[in-house]
2 protein chains.
Amino acid sequence: MSVSSTPSSPRYPGADRDARPDVSTIEDVLHGAGYRSTRPRRTIIETILDQAHPFTPEHLLAAVHRADPSLGRATVYRTLEILGALDVLTRVVVAEGHSAYVVGLPGHRHHLVCSGCGAAVPFTACPVDHLMAELSRTTNFAIQSHVLQFIGVCPACQPTP
Amino acid sequence: MSVSSTPSSPRYPGADRDARPDVSTIEDVLHGAGYRSTRPRRTIIETILDQAHPFTPEHLLAAVHRADPSLGRATVYRTLEILGALDVLTRVVVAEGHSAYVVGLPGHRHHLVCSGCGAAVPFTACPVDHLMAELSRTTNFAIQSHVLQFIGVCPACQPTP
DNA sequence: ACAACGAATGATACTACGTCTCAGTTATGT
DNA sequence: ACATAACTGAGACGTAGTATCATTCGTTGT
């Protein structure tokens, strides 16, 4: 087991290791789903993997343009959409009503997000099964998915009196 | 115990009653926070209480304009912002990345939302305390809030074979 | 009841974010 | 290498939300 050296969230005991994939892993996912491997997509994926924190599309667009100013806006948005649909990216709520993307290959995963710096710590524990079953039974909804997330202030962003 | 007659989500056994406040209750909240009682605000609150499902700002704007076409767009957005800050409105995730508002006076409450028609069933059960304590301990985050929500298909929207 | 004050409003201009279109380019299978 | 279809970039376009500011209206004190 090796600790990746990509820039990513700090590690915390108890929280999951942030299993950040590399470019070729993500390209394999794209391939597997019938998408082509192109240079723009590679640039976008590399830039995504450079992000230490959850990022918005515009933020990513700016970062991508630093690497390649000629890369089109539409391509960035299209690629984000594809990666989101393939579960390579997960949405997290960063502030009331605003969301951002986080990298993470499949597997059930939620996040604890810092409202100060935006750092996202992933975790897999998810105590909703019982409640989901009960709601499903009492409401007759066919429950498809759920959103679970914590918002707080990370140690580094906490005021030290 | 009376069942309110305001248009609202259908009732389900096990799920909470949808305790929908009335206009004057919400105006009291505004007053208590130092805001004034104005006719436009009253119109907006009435329109909000008419909504059977979670609504987006634009949707509400259209509904408000049906009641009073002269009411300004900015006023609707400003009032939504205020009511959100006062916890009279809660945000729910309606689709990946898109959220909407639901009425509900304070009290810890989550929602089960139908991805077909948008109906939102509130519930109060919330099995996150233990997990929250553990995350708080292991990460040293000061956890402030959390988001928990289920997305599914309500009985009425399910295909009947 | 009235005046004075500041909050709230509505109109409009503006910005930001994202989508659409389309001609040209490039990856991929044979 | 070729044919084909997917992909791309440029830029026009649309939509949702914000900022500004002169005017109106609630509220408070007298």
Side-chain angles (χ1 to χ4, degrees), chain A residues 23-24 26-48 54-86 88-89 91 93-101, chain B residues 23-24 26-48 54-86 88-89 91 93-101:
Chain A
V23 178
S24 59
I26 296 181
E27 285 203 296
D28 288 349
V29 174
L30 281 176
H31 252 116
Y35 293 100
R36 293 182 175 176
S37 265
T38 66
R39 216 178 77 65
R41 280 182 184 159
R42 217 164 304 128
T43 303
I44 293 169
I45 293 170
E46 283 164 4
T47 309
I48 287 175
F55 55 88
T56 59
E58 323 93 73
H59 181 94
L60 184 70
L61 177 60
V64 164
H65 272 169
R66 257 170 267 133
D68 178 356
S70 74
L71 209 157
R73 183 182 14 213
T75 302
V76 171
Y77 281 100
R78 283 188 285 240
T79 304
L80 278 177
E81 193 185 340
I82 293 170
L83 295 178
L86 294 177
V88 173
L89 296 177
R91 269 180 189 276
V93 178
V94 168
E96 266 304 293
H98 275 220
S99 57
Y101 288 104
Chain B
V23 178
S24 59
I26 296 180
E27 284 203 296
D28 287 350
V29 173
L30 281 176
H31 251 116
Y35 294 99
R36 293 183 175 176
S37 267
T38 66
R39 217 178 76 65
R41 280 182 184 160
R42 219 166 300 128
T43 303
I44 294 169
I45 293 170
E46 281 163 4
T47 309
I48 286 175
F55 55 87
T56 59
E58 323 94 73
H59 181 95
L60 184 70
L61 177 60
V64 163
H65 272 170
R66 255 171 268 134
D68 178 356
S70 74
L71 210 156
R73 185 181 12 214
T75 303
V76 172
Y77 281 99
R78 282 188 286 238
T79 304
L80 278 178
E81 191 185 343
I82 293 170
L83 294 178
L86 294 178
V88 173
L89 296 177
R91 268 179 190 275
V93 177
V94 167
E96 265 304 292
H98 276 219
S99 57
Y101 289 103

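Just so you know, these numbers come straight off a predicted model, no measurement behind them. Residue numbers begin at 1 in each chain, while the letters A, B, ... track the order of the sequences.
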A:Leu60 vs A:Ile44 side-chain heavy atoms within contact, under 4.5 Å:
yes
Would you tabulate the pairs of protein nitrogen or oxygen atoms and nucleotide nitrogen or oxygen atoms of nucleotides 8-11 of chain C closer than 3.5 angstrom?
residue	atom	partner	partner atom	Å
C:dA8	OP1	B:Arg36	N	3.4
C:dA8	OP1	B:Arg41	NH1	3.3
C:dT9	OP1	B:Thr38	OG1	2.6
C:dG10	OP2	B:Gly72	N	3.1
C:dG10	OP2	B:Thr75	OG1	2.8
C:dG10	N7	B:Arg78	NH2	3.0
C:dA11	OP2	B:Ser70	O	3.4

Is the shortest side-chain heavy-atom distance between B:Tyr101 and B:Thr56 below 4.5 Å?
no
Please assess A:Ile26 against A:Ile48 for the test side-chain contact (heavy atoms from CB on, under 4.5 Å), listing each intermediate value before the final yes or no.
CA-CA 11 Å; A:Ile26 296 181; A:Ile48 287 175; 5.8 Å; no
Compare all side-chain heavy atoms of A:Val93 with those of B:Arg91 and state whether any distance is below 4.5 angstrom.
no
Tell me, do A:Arg39 and A:Leu71 make a side-chain contact under 4.5 Å, heavy atoms counted?
no
Would you check if the side chain of A:His65 reaches a backbone N or O of A:Ser70 as a donor-acceptor pair within less than 3.5 Å?
no
Dump the intermediate steps for side-chain contact (heavy atoms from CB on, under 4.5 Å) on A:Val88 and A:Ile45, then the final yes or no.
CA-CA 10 Å; A:Val88 173; A:Ile45 293 170; over 6 Å; no
Need the bend value for the helix from C:dA1-D:dT30 to C:dT30-D:dA1: angle between end axes, 5 pairs each end, nearest 10°.
50°
Under 4.0 Å from a heavy atom of chain B: give me the 5'-most and 3'-most nucleotides of DNA chain D that qualify.
D:dA16 to D:dT27
Can you list everything that forms a side chain to side chain contact (heavy atoms under 4.5 Å, CB included) with A:Arg36? Sequence neighbours excluded, please.
A:Thr38, A:Arg41
Within residues 54-62 of chain B, the residues having a heavy atom closer than 4.0 Å to DNA chain D are B:Pro57, B:Glu58
B:Glu58 atom CD, neighbour heavy-atom count above 12 within 6.0 Å
yes
Could you tell me if the side chain of B:Leu30 sits less than 4.5 Å from the side chain of B:Leu83, heavy atoms only?
yes
Under the rule for side-chain hydrogen bond (donor to acceptor under 3.5 Å, both in side chains), what residues qualify as partners of A:His59, not counting sequence neighbours?
A:Gln51
Are B:Thr47 and B:Phe55 packed together at the side-chain level, in the sense that at least one heavy-atom pair is separated by less than 4.5 angstrom?
no
